[in-house]
Each structure stands twice: as structure tokens, then as C-alpha cells.
Amino acid sequence: MPVHEDIETRIRDTYDSLPPGARRAADHLLRHPDDAAVYSATEIAAASGVSKATVSRLFRTLGYVDAQEVREHARALRSTGVPVSVGPTADLAAHLRAEHAALDRMVDGLADGRLDRAAELLASAREVVVVGFRNSYPVALHLRQQLTQARGGVRIAPAPGQSVGEELGGLGAEDAVVLVGFRRRPRGFGSVLAALTRRGVPIVVVADPEFGSSGTVTLVAPVTSLSAFDSYAAAMSLANLLAAAVLARDLRGGRARVEGITALYGELDELE
């Protein structure tokens with residue numbers, strides 16, 4: 001079976017052919033899929049009311065050697081961004097250490113001056129388009145909100161109901177795109193990057209360390225966490241640093257823009 005499939009997918013693909021005992025164990029794992037990453041065959045058997053031998057046979061039917069391989073596979077999927085719990089309760093102190101480590105790694109990656117290069121691209125561009133898909137969209141949306149206060153001509157893409165081609169058509173060398181792409185990127189992410197590159201559009205990529213290098217200015221923020229889900233603490237911090245660096249390129253103009261926006265807030269009575 002394909003190694004990228006999680007245990008739920010494998011169970012659903014073979015469910016109809018499973019004997020009754022194995023189905024009971026499979027039903028338990030479908031209700032509690034994270035158990036596969038944490039518990040032994042004995043513990044899963046006890047929770048599902050079947051024998052350990054039944055659970056072991058189920059795992060072999062699903063393409064695993066034993067429960068240890070199931071746990072290793074589940075944890076490997078977690079490292080690619082698949083939400084898989086690796087423990088029954090949160091260790092808050094360990095979580096905090098992991099968040100600090102991600103922030104440290106993000107800041108270390110900026111030591112070569114790439115943050116300044118990215119800020120210069122965005123500050124000097126005619127128009128800036130911030131693009132984010134799936135889980136990257138909230139980071140892109142936050143970055144767009146920050147950049148809008150630093151300069152004009154900033155928009156988010158894709159807008160609801162719009163195709164990517166509609167959003168990016170007409171951009172050229174005078175513009176810039178921030179392409180936010182954290183792991184579990186959609187299949188078309190590389191095509192968007194390639195199309196912008198062919199058209200000579202300056203690109204800043206904001207991504208996780210696994211993205212690698214694409215010949216663009218790439219800003220990296222780790223998202224791996226100890227919980228079932230990726231953490232975007234470092235990504236949001238990076239958005240803060242990038243927007244602040246853009247603002248610093250034109251402090252006088254930026255200050256005037258912030259004052260104008262703040263005054264308009266008051267006129268419209270939008271904020272408390």
C-alpha cells in the first residue's frame with residue numbers, strides 16, 4: 001500500500017474484507033485514529049474488546065509488520081504535517097521549549113540579510129500580492145493586513161470565487177508577490193511559482209524548512225510542534241518582522257499612512 005496513506009485510509013480500503021473481530025478493532029481505530037501513534041497492540045486490543053492476536057493480524061492486513069511500525073508510520077506522517085497525536089496529554093513546558101526553538105531557528109535563518117532583501121523588494125514594488133493557500137492563507141492574510149499599514153497597493157489572493165490566473169494576471173517586473181506556502185501545500189503551488197518566475201515577477205517565498213530553495217528570496221519559519229497540529233507562532237512572528245522591515249524603508253511615508261488610516265478609523269467609528 002502507498003506509504004503516504006494514513007491508517008484510516010488503509011482501514012477504509014480493506015474494511016469490507018475484514019472478519020468481525022478485526023472490524024471491531026478497526027472501528028475503534030476509526031473512532032480514535034490517534035491511538036495508533038501512541039498505544040501498543042495490547043492496549044488497542046483491550047480498548048476494542050478483542051485479542052492482541054486479532055489486532056496484530058489487522059495490522060498485517062493493513063500492510064504493517066507490527067504495532068511498532070504503525071506507530072512509526074503515524075509519527076512519520078506527523079512530520080509531514082498530517083495531524084496525528086503523539087501523546088495523550090500536552091506537556092506545556094515541552095511545548096514552550098519547542099516554540100522557542102522554532103523562533104530561534106527562524107531568526108537564525110535571517111542572519112544572511114535575506115529579510116532586508118525581501119523588504120526592499122516589497123517596499124519598491126508597484127503592487128504587492130500576498131498569496132496563500134489552505135493552512136497558509138491565515139498567515140498570508142495577517143501579513144497583508146500588516147503590509148497595508150506600511151504601504152499602499154497590497155492585496156490578498158486568491159479572493160473567494162476567483163481563480164489564481166485572474167488574480168495574478170498582469171503582474172510584471174515592477175510588482176512583487178509574497179508566496180506563502182507551508183507544508184501540505186496544494187499540488188498547484190509549484191506551478192504558480194514557476195509561472196510567476198517565467199513572467200519575471202519578483203517573488204518572496206515564506207515557507208517551512210522542508211520547502212528548500214527555489215532561486216527566490218526564501219524566508220523560513222519552522223512549523224513542527226509537539227502537538228497533533230503544526231504551530232504557526234514562528235510564521236506569524238516572521239510576518240511581523242517582514243512588515244516592520246518594509247515600514248522601515250520609508251518611515252516618513254509609512255508614518256503618514258498609519259496616521260491617515262488611524263484618522264479614518266475614527267471617522268468611521270470602526271474601533272473601540
Quiz item: After noting the C-alpha distance and the side-chain angles of L171 and E127, does the key distance pass the side-chain contact (heavy atoms from CB on, under 4.5 Å) rule?
Solution: CA-CA 8 Å; L171 295 178; E127 180 181 20; 3.6 Å; yes
Self-check item: Any donor-acceptor N/O pair, Q149 side chain to Q146 backbone, under 3.5 Å
Solution: no
Exercise. Give the cluster check for L115 versus V220: same hydrophobic cluster or not, with ILVMFWY residues linked at side-chain heavy-atom distances below 4.5 Å.
Key: no
Practice problem: Decide, yes or no, whether a salt bridge links D208 with R185 under the criterion of side-chain N to carboxylate O below 4.0 Å. | Solution: yes
Practice problem: Say whether, by atom type as modelled, one donor and one acceptor occur between the side chain of R24 and the main chain of V50 under 3.5 angstrom. | Solution: no
Quiz item: CG of L62 to OG1 of T9: how many Å apart, nearest 0.5 Å?
Solution: 11.0 Å
Quiz item: Can you tell me how far CG of L143 sits from CG of L141, rounded to the nearest 0.5 angstrom?
Solution: 9.5 Å
Quiz prompt | Heavy-atom pair of closest approach, residues S136 and F182 | solution = OG-N, 2.8 Å
Quiz item: Distance-only, no hydrogens or angles: does the T197 side chain make a donor-acceptor pair with backbone N or O of L193 under 3.5 Å?
Solution: yes
Quiz item: Can you name the closest pair of heavy atoms from P222 and P209 and give their distance?
Solution: CA-CD, 3.7 Å
Quiz prompt | Side-chain donor/acceptor of R114 to backbone N/O of T218, under 3.5 Å | solution = yes
Quiz item: Would you call R23 and P20 a side-chain contact if the rule is heavy atoms closer than 4.5 Å?
Solution: no
Practice problem: Evaluate the side-chain contact (heavy atoms from CB on, under 4.5 Å) criterion for residues L29 and E8: first the C-alpha distance (whole Å), next the side-chain angles of each, then the deciding distance (0.1 Å), finally the verdict. | Solution: CA-CA 7 Å; L29 289 171; E8 294 175 81; over 6 Å; no
Exercise. Calculate, to the nearest 0.5 Å, the distance between atoms NE2 and CD1 belonging to H28 and I11 respectively.
Key: 10.0 Å
Exercise. Indicate whether the side chain of S17 and that of T14 have a donor and an acceptor atom separated by less than 3.5 Å.
Key: no
Quiz item: Can you name the nearest heavy-atom pair linking F189 to G181, along with the distance?
Solution: CE1-CA, 3.5 Å
Exercise. Would you give the length of the straight line joining atom CD1 of I203 to atom CG of D175, rounded to the nearest 0.5 angstrom?
Key: 12.0 Å
Exercise. State, to 0.1 Å, how close L58 and A22 come at their nearest heavy-atom pair, and which atoms those are.
Key: CD2-O, 3.9 Å
Practice problem: For M106 and L241, run side-chain contact (heavy atoms from CB on, under 4.5 Å): C-alpha distance rounded to whole Å, both residues' side-chain angles, the deciding distance at 0.1 Å, then the answer. | Solution: CA-CA 11 Å; M106 181 271 290; L241 290 172; 4.1 Å; yes
Quiz item: What do the steps show when you test R155 against L147 for side-chain contact (heavy atoms from CB on, under 4.5 Å), and what is the final call?
Solution: CA-CA 9 Å; R155 60 185 173 90; L147 287 174; over 6 Å; no
Quiz item: Under 4.5 Å between any side-chain heavy atoms of N135 and F229, yes or no?
Solution: no
Quiz item: In Å, rounded to the nearest 0.5 Å, how long is the span from CG of L18 to CZ of R57?
Solution: 11.5 Å
Self-check item: Gap between atom CG of L30 and atom CZ of R12 - 0.5 Å precision
Solution: 4.5 Å
Quiz item: Below 4.5 Å, heavy atoms only, C-beta onward: do L238 and L110 meet side chain to side chain?
Solution: yes
Quiz item: Taking the side chain as C-beta and beyond, is there a heavy-atom pair between L168 and V131 under 4.5 Å?
Solution: yes
Quiz item: Any chance the side chains of R183 and T224 put a donor and an acceptor closer than 3.5 Å?
Solution: yes
Practice problem: List the atom of A119, the atom of L242, and the distance in Å for their closest heavy-atom pair. | Solution: N-CD1, 4.1 Å
Practice problem: Grab the two heavy atoms, one from V180 and one from A140, that are nearest each other, plus how far apart they are. | Solution: CG2-CB, 3.9 Å
Quiz item: Mind checking whether V223 and L96 sit in one hydrophobic cluster, side chains of I, L, V, M, F, W, Y counted as touching below 4.5 Å?
Solution: no
Quiz item: Do D112 and R117 come within less than 4.5 Å of each other through their side chains, counting heavy atoms only?
Solution: yes
